[in-house]
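The structure under discussion appears below in the form of structure tokens.
Quantities reported herein were computed from a predicted structural model and do not represent experimental measurements. Letters go in sequence order (proteins before strands), and every chain restarts at 1. No hydrogens, no waters, no symmetry mates; every other heavy atom, side chains included, goes into these values.
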Number of protein chains: 2
Amino acid sequence: MAKEKTTDEALERFALFLKRHSLKMTRERRLILREIFSSDDHFEAEDLLLRFRARKEKVSRATIYRTFDLLNKAELIKKSDFGENHYHYERSYGQEHHDHMICRRCGNVIEFSNPDIEALQEKIAKDYSFEMTSHTLQIFGYCVNCRQK
Amino acid sequence: MAKEKTTDEALERFALFLKRHSLKMTRERRLILREIFSSDDHFEAEDLLLRFRARKEKVSRATIYRTFDLLNKAELIKKSDFGENHYHYERSYGQEHHDHMICRRCGNVIEFSNPDIEALQEKIAKDYSFEMTSHTLQIFGYCVNCRQK
DNA sequence: TTCGATGCAAAAGATTTGCATCAGT
DNA sequence: ACTGATGCAAATCTTTTGCATCGAA
């Protein structure tokens, strides 16, 4: 199944990253990566913690944060900000890049992607001799259900 | 001078917003708005607090946060996230829209603006019948000085 | 056997809130 | 006068860290 393939690839990539930095692949790191790649959804630290607890998997909050940091550095996940004061994360490997529209009233997040915008960003970075590693775009406003007609 | 004009307009706009919501224009709110509009720079809550303290202006941290929230709602300032775990703010009135390139190594923030990207965002919002009130775009990577040649 | 990793609890930061008092309207 | 605003300190919430112990290589 495609999902499992992606997970395995991500795991491999993570293993490589760890090796390159003389770090170790542990049960917890594997669990966290697997959990993240088991779905396409955004996730938060607290969120994962609760899922593990519900399943009686023993992974501490500290380890979750520490692993997010590594996964972020390995460019397997990335942080995004939806205007709340904690981070949201999402997979950045095995998923095509996309951006977000966030409804200010209902909080709903709509994903979209637009190749023209991607291309323009590359061009801008190049113009400034900036080496782009990632980018994120948020459109805030009111979704179709929440806007005042 | 242009800056003073903008400040006055912003003040007027804030007054209107407050009136519409049956809120009051106070000395502190005026001070905060003035301080923000006295420069084009990004700012943070702590940042403003220190500036007031240095000048012996009496404005509490709580009031700063509460006022930021109002100014944000009045669309006079906006929050942005540069990947640190606290908010940065910037004026959103009297300043043309721009986006940011953030260097992962030195933390430097480069502003840029691109009308084509603006236009594309408008179009995308329209396509989703999304009423856009603001948008923010960040490019992360390495600036010209920090990239490895 | 050697370091890095984990869990826990404490610490650190940023932001919010309850409450008594103050001040616009 | 009425009602919202302020300041303070305490509370909250998220994330980080020190340290003793554990486990991958």
Side-chain angles (χ1 to χ4, degrees), chain A residues 11-12 14-35 42-53 55-74 77-89 107, chain B residues 11-12 14-35 42-53 55-74 77-89 107:
Chain A
L11 218 32
E12 223 172 285
F14 193 30
L16 204 69
F17 172 89
L18 292 173
K19 183 165 290 175
R20 265 205 302 274
H21 295 260
S22 318
L23 302 174
K24 294 167 185 172
M25 174 58 86
T26 62
R27 188 189 71 92
E28 289 78 3
R29 291 180 178 170
R30 239 186 306 264
L31 273 173
I32 292 170
L33 187 148
R34 280 237 163 75
E35 186 57 30
H42 301 146
F43 54 92
E44 308 166 25
E46 200 58 22
D47 187 23
L48 269 208
L49 185 70
L50 294 179
R51 283 196 247 160
F52 285 130
R53 289 207 172 148
R55 260 193 273 134
K56 315 267 188 228
E57 299 280 22
K58 216 165 52 54
V59 183
S60 75
R61 199 193 312 274
T63 296
I64 290 179
Y65 278 107
R66 288 190 274 233
T67 303
F68 278 9
D69 189 45
L70 291 175
L71 289 170
N72 191 42
K73 289 195 174 108
I77 66 174
K78 69 178 192 203
K79 285 184 172 181
S80 30
D81 175 51
F82 294 160
E84 301 179 41
N85 54 6
H86 64 271
Y87 287 111
H88 291 243
Y89 296 83
Chain B
L11 217 33
E12 223 173 284
F14 192 32
L16 203 69
F17 172 89
L18 292 173
K19 183 164 288 175
R20 265 206 303 275
H21 295 261
S22 318
L23 302 174
K24 295 168 183 169
M25 174 58 87
T26 63
R27 188 188 71 91
E28 288 79 2
R29 291 180 178 170
R30 239 186 306 264
L31 273 174
I32 292 169
L33 187 147
R34 280 237 162 76
E35 186 57 29
H42 300 148
F43 53 93
E44 308 166 25
E46 201 59 23
D47 185 27
L48 270 208
L49 185 69
L50 294 179
R51 283 197 247 161
F52 285 130
R53 289 209 173 146
R55 258 192 274 134
K56 316 266 186 229
E57 299 280 21
K58 214 166 52 54
V59 183
S60 74
R61 186 186 273 119
T63 297
I64 290 179
Y65 278 107
R66 287 189 275 234
T67 304
F68 278 8
D69 189 46
L70 291 174
L71 289 170
N72 190 42
K73 288 196 174 108
I77 66 174
K78 71 180 189 200
K79 284 184 174 181
S80 31
D81 175 50
F82 293 160
E84 301 179 42
N85 54 6
H86 65 270
Y87 286 110
H88 292 243
Y89 296 83

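Atom-to-atom, NZ of B/Lys19 to P of C/dT25 comes out at 8 Å; the value is rounded to the nearest Å. Between B/Leu70 atom CG and D/dA5 atom P there is a gap of 8 Å when expressed in whole angstrom units. Distance B/Phe52 CZ to D/dG7 C1': 15 Å, rounded to the nearest Å.
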Next on the checklist: Applying side-chain contact (heavy atoms from CB on, under 4.5 Å) to B/Tyr89 and B/Asn72, what does each step give before you reach the verdict?
Outcome noted: CA-CA 9 Å; B/Tyr89 296 83; B/Asn72 190 42; 5.6 Å; no

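OP1 or OP2 of D/dA5 has at least one side-chain nitrogen or oxygen of B/Arg29 nearer than 4.0 Å. When the side-chain nitrogen and oxygen atoms of B/Ser22 are compared with OP1 and OP2 of D/dG4, none of them lie within a distance under 4.0 Å. The phosphate of C/dT16 (OP1 or OP2) has no side-chain N or O of B/Tyr65 nearer than 4.0 angstrom. Side-chain nitrogen and oxygen atoms of B/Thr63 include at least one within less than 4.0 Å of the OP1 or OP2 phosphate oxygen of D/dG7.
When each of A/Ile64 and B/Glu46 is assigned the nucleotide of DNA chain C with its nearest heavy atom, A/Ile64 is the one assigned upstream, toward the 5' end. Each of A/His86 and A/Arg30 lies near DNA chain D, and the nucleotide nearest A/His86 is the one positioned closer to the 5' end.
Shown here for B/Thr63 and B/Ile32, the closest heavy-atom pair between the two residues is O-CD1, 4.0 Å. Across all their heavy atoms, A/Arg61 and A/Arg53 have their closest contact at NH2-NH2, 4.4 Å.
With distances taken from any side-chain atom of B/Ala62 to the nucleotides D/dG7, D/dA25, D/dG4, the minimum falls on D/dG7. The side chain of A/Lys24 sits closest to D/dG23 out of D/dG23, C/dT25, C/dT15. If you check D/dT6, D/dT15, D/dA9 against the side chain of B/Glu28, the one that comes closest is D/dT6. Comparing D/dA5, D/dT15, C/dT6 against the side chain of A/Arg61 picks out D/dT15 as the nearest.
Between the side chain of A/Arg66 and the base of C/dG7, a donor-acceptor pair under 3.5 Å is found.
Ring-plane geometry between A/Phe68 and A/Phe43 is classed as perpendicular, the angle between the planes exceeding 60 degrees on a 0 to 90 degree scale with a lower cut at 30.
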